[in-house]
Amino acid sequence: MNALDRWLEGRSRALARATSRRSFLARLGVFVLGGAALPLLPVARAQAQSAPRAAKPGEPPLDSPLGDPASCEYWRHCAIDGFLCSCCGGSQTLCPPGTQMSPVTWIGTCKNPHDGNDYIISYNDCCGKDYCGRCNCNRNEGERPVYFPQRNNDINWCMGAESTVYHCSTAIVLGRAIEE
Amino acid sequence: MNALDRWLEGRSRALARATSRRSFLARLGVFVLGGAALPLLPVARAQAQSAPRAAKPGEPPLDSPLGDPASCEYWRHCAIDGFLCSCCGGSQTLCPPGTQMSPVTWIGTCKNPHDGNDYIISYNDCCGKDYCGRCNCNRNEGERPVYFPQRNNDINWCMGAESTVYHCSTAIVLGRAIEE
Amino acid sequence: MRSKALLIAFVLAAAAVADVAPEETGGSAVTPERWGAHAFWASDMLLRRSALFDADSATMLGSVYGGQDLSPVLPLGSAARRELYVASTYYSRRTHGERTDAFVIYDARTLAPVGEVVLPPKKAANGNGVALAALLDDGRFAVVFNQTPASSVSVVDVEERRFVSEIATGGCALVYPAGPRRFGMLCLDGSALAITLAADGSEASRSGSAKFFDAASDPITEKGVRLAPDGGRWLFASFDGMAHEVDFAAQPAPVAKPAWPLVTDSERADGWRIGGHQHLAMHAASGRLYSLMHQGGADTHKQAGTQLWLYDLAQHARERTIEVPNLAASALRDLMELPAGGVLDWLLHAAVPNPGATNILVTPDAEPLLLLSTHEAPVIAVLDARSGELLREVAEPGIAIGLLVAP
Amino acid sequence: MRSKALLIAFVLAAAAVADVAPEETGGSAVTPERWGAHAFWASDMLLRRSALFDADSATMLGSVYGGQDLSPVLPLGSAARRELYVASTYYSRRTHGERTDAFVIYDARTLAPVGEVVLPPKKAANGNGVALAALLDDGRFAVVFNQTPASSVSVVDVEERRFVSEIATGGCALVYPAGPRRFGMLCLDGSALAITLAADGSEASRSGSAKFFDAASDPITEKGVRLAPDGGRWLFASFDGMAHEVDFAAQPAPVAKPAWPLVTDSERADGWRIGGHQHLAMHAASGRLYSLMHQGGADTHKQAGTQLWLYDLAQHARERTIEVPNLAASALRDLMELPAGGVLDWLLHAAVPNPGATNILVTPDAEPLLLLSTHEAPVIAVLDARSGELLREVAEPGIAIGLLVAP
């Protein structure tokens, strides 16, 4: 068991004693909170835009499955499990209209074939409407069982939203992952 | 327009003014209430039996579609629309466990190929659980639009039950229909 | 895995030098400023929602979900208020417990609930979902049909967001918008009823037409089409294929024009009939009527159509016939993840029986599209409404598609 | 129609002389006095219910529906109390509004709700649904796993029908019944935790095992099987195919036996792995273990199995291999209403790719049946658990089958 796992374990045990979910979330940090808690990342909301299907700079072209956010083969989807928000009125980074993005999430590490680099992907769920029902996708690179929450894609991460009803999942780049 | 239709129309107009559904139902009579209000028929409940798939005396044999209550071709199903309770833990005359039979219903007139006679069939809905999802069947002999409620099979007749959530439909013989 | 796990620890440092820039979380999209002339709602009986699609790009723009009732979820749209309205029945324990009927108000751009009006627990529910609620033309009052089975209408003031009153409607059912504060209903005695609301939403007046159809011998279906974006003119088709044009707004009372046949005697002799769950569509600007037709016997008024017959309404004349494409084969192809237009796709379309179409919609614009669906297969066909050419398909529109509705 | 309508008027007179006797209305069936050794629950993620089937007759006996949460509906059964328990999350407006987590109590014969216990709104929900709740062996207390993502357990007293307490469980998750008032959990640090309740349902004691697996490098899946109807012995399989037997009831603390391999080195070299959503099954009486296997690379721990490997648990020895039948072809055949065993059926089974199975269950009796299902196709295969012979199929078990559970 490496240092990180030990650290995770300790944190989990300590934090899990908190009975208030809010106070728990406030202290849980990057491993569960995903992008929402990363100080380097702006947390401004993107409320005023519609969600055109578009590739981001530095990604494979939209016309290839590896670059198409509406495709299960999209490079960011290496550890996703659910309906793709890009098929539901949202995008790889935006929830569909009327749904709320859960601040808690699980994380995957996916290789971007366009630059050959690994990126940390946050699969924030979108919540408050029932199943989208389109583009169901399940990939499990580095996925771990339920007792390893921050690496598990079965968990309903809408647990952190106003309504826990699951609609679809996004795939948001938190940043590049660098080997030591 | 014949005498019966005029009678129906008059009744509907008069009764529909009732604001209380209960008082309305109490007076609506056979055309909407189906078997539940027929004085000749016992209204004792059949709570203590399970529901084996069985043909009744005077029907085609169980091994023919015309005699199989789990078949859409069952002779009683000539005006049914919904999931067959015989496929859901109930039978042609019993609701599945845990569901409540609605006292209001629509009526069909179906020919029993076994004796060549026409029978009045009451398609009481079973209510209080979500869609059964098995043996969906839609036949429309003598079926009429929504403004002719007692002959319409689109209406959710669970309107008369404790919970209006629709589960499946039965096909109950009220009696033989005789030409003048 | 160890290295993978370790990677995470360096995300903060990494973010600064990422090739794909770190992205915001927490954002939700909104629907486009203008939905476009080819946007449409497709309801789903199983997901209990209506999804908004753009027929040009065949993409989903968003969705609105309803309660637990049987009826398809049909959002009423207020362009002026940029709101959507969905009347639904809810239970405290989803399928049982305490019942609440609510008229839920959604923001039309964010598709988020922004308010609700609690209704009397009498909301009508049925599997076809046609004409169960309407927003009247002046945009102030909505009416929700009740059937317990006693018929009545609940009136909602969408401006003040309050329930106004319940109006008993006797032997008449369903609600068809027919003017600024007027709606029409169809009656068991073969007549049409029109009810006009006062400024406060209470009943101001009602008037009935003469009998123009026979509910027992040749009833008209509920699936009528409005002949103009506003006003009281609606067209209904009878089981035997007679077209009945009704003006709910006529004074002093609703009037029905003489009925005309959608099928000639020879066509009727060949067994051609109307049928389906949403078997009529109207393109008001060009005065063109679309009718789903099939060959069948009596009591097949819900049977899927194999052809679409296109009429010039003014001339009462049939202009064109459009064959219904095989939606089951297309859905199976999508299910099996086979490429469209491939050999296997061709084989499927040759092998799988064509279920026809149960639902149709024509977009109201100058270059109208014709949308086709069937309860049998989860796919929606997009055709050129004038040529009948199949342009594209919307894959995975849902699980059990109900009605197709223009916003 | 006139004559048809008139017929009705004479129903009363007719009833007396009817050939098919007039029948009662208002009745509801109950489940059989004994459900039989081959009864099983099949959950449905879309209908949000579990349906009770009899595998001998391939008929449905009844159903229990849950709330709005993502997890499959898994009824806990109390033979002593003849009750079923379903923990669910509900919203006042189905998908939004006020949240209520409730532990709903059903009569096991009538399948009607007879009571409920409101829980803290923290109930865990996930797509696999394994080990989210348990009724402990003495039948008095049920435990419901919470994950917010903080881990805790809600304790319910089913006799007094009240919520007892919430127990924080640190870095450990899920609940596995392990004794009269004991349950086990799996922990991120690779250990097992056992918690024992006092007579009042509060926590009496807890103890943890030594680390016996590595959550990062070779985790065990949540989909363990209990090795006996009671007691603390469970078996879990790791991603790489190591079988870990844990005794949550061992004193003074849970103990794991040395792990043994489900795959030989040569089989591993050929890429054989465990996989699926419910990939293990146990027949306790005969000491036989069933494991869904497929050939695949790393991270395929949820992939459907193409074969079932049958082991003698005592010998740690593989005895038999069972090929998984093509459930997709069978479902398509049913969908297209083709006869089973016909030429087209044969063609479908030849043409349609076999999706394998994701879920398995073995009945506990002396003549056990093996049940197979996949998320890909709505059909359940019934096999002889010893010979592997396909006996029959349950058609239309639902829409999106989740877990198979013994009552």
Side-chain angles (χ1 to χ4, degrees), chain A residues 1-2 4-6 8-25 28 32 78-79 81-82 98 100 104 106 125 127-131 133 136 138-160 162-167, chain D residues 45-46 68-71 89 91 93-97 99 120-132 145-152 166 168-174 185-191 211 214-217 219-223 236 239 277 298-303 375:
Chain A
M1 177 155 169
N2 63 40
L4 179 65
D5 292 335
R6 266 194 302 278
L8 276 177
E9 178 205 346
R11 293 288 287 166
S12 310
R13 286 187 179 285
L15 295 171
R17 288 188 209 99
T19 50
S20 150
R21 180 171 69 186
R22 289 278 152 246
S23 69
F24 174 75
L25 292 184
L28 191 50
V32 174
C78 73
D81 183 5
Q100 181 198 19
V104 291
W106 81 102
D125 287 340
C127 317
K129 295 181 186 282
D130 208 345
Y131 302 126
N136 192 16
N138 179 216
R139 292 167 58 189
N140 298 293
E141 290 180 29
E143 199 264 353
R144 291 292 173 263
V146 170
Y147 54 77
F148 199 155
Q150 58 276 25
R151 280 290 180 155
N152 178 265
N153 65 16
D154 286 326
I155 291 171
N156 177 17
W157 287 97
C158 286
M159 65 170 76
E162 268 176 43
S163 163
T164 62
V165 175
Y166 171 79
H167 186 62
Chain D
M45 318 262 314
L46 211 52
Q68 197 61 33
D69 38 359
L70 182 68
S71 302
T89 296
Y91 284 89
R93 295 299 177 263
R94 191 169 81 89
T95 56
H96 61 284
R99 173 182 180 175
K122 300 180 173 185
K123 180 188 164 299
N126 64 48
N128 71 56
V130 170
L132 291 179
F145 177 56
N146 300 320
Q147 194 171 42
T148 65
S151 289
S152 67
E166 178 181 359
T169 56
C172 305
L174 306 171
M185 306 183 80
L186 298 177
C187 309
L188 178 59
D189 65 1
S191 71
K211 175 183 179 181
D214 188 318
S217 61
I220 57 176
T221 77
E222 317 88 333
K223 295 105 177 177
F236 299 89
F239 285 16
H277 300 281
D299 301 315
T300 60
H301 48 283
K302 292 180 189 172
Q303 189 168 310
H375 287 199

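Protein chains get the first letters and strands the later ones, always in sequence-line order, with residue 1 at the start of each. Not measured: the values here are computed from a predicted model.
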Under 4.5 Å to a heavy atom of chain A? For Gln147(D) that would be both
**Prompt:** Within the side chain of Ser151(D), is there an N or O that forms a donor-acceptor pair under 3.5 Å with the backbone of Ala173(D)?
**Reply:** no
Bottom line for Thr89(D): the part with an atom under 4.5 Å from chain A's heavy atoms is side chain
### Query
For the side chain of Asn126(D) and the backbone of Asp154(A), is there at least one donor-acceptor N/O pair under 3.5 Å apart?
no
* Please determine, by modelled atom types, if Asp81(A) and Asn140(A) share a side-chain donor-acceptor pair under 3.5 angstrom. => no
Counting heavy-atom pairs under 4.5 angstrom with chain A, the leader among Asp69(D), Ile220(D), Thr300(D) is Ile220(D)
Greatest number of non-hydrogen atom pairs under 4.5 angstrom with chain A, of Lys302(D), Arg94(D), His277(D), falls to Lys302(D)
If one checks every heavy atom of Leu174(D) against chain A at 4.5 Å, the contacting part turns out to be side chain
Q: Indicate yes or no for a side-chain donor-acceptor contact from Glu222(D) to the backbone of Pro145(A) under 3.5 Å, with no hydrogens or angles considered.
A: no
Could you tell me whether the side chains of Asn138(A) and Asn136(A) share a donor-acceptor contact shorter than 3.5 Å? no
Of His96(D), His301(D), Lys123(D), the largest count of non-hydrogen pairs under 4.5 angstrom with chain A goes to His301(D)
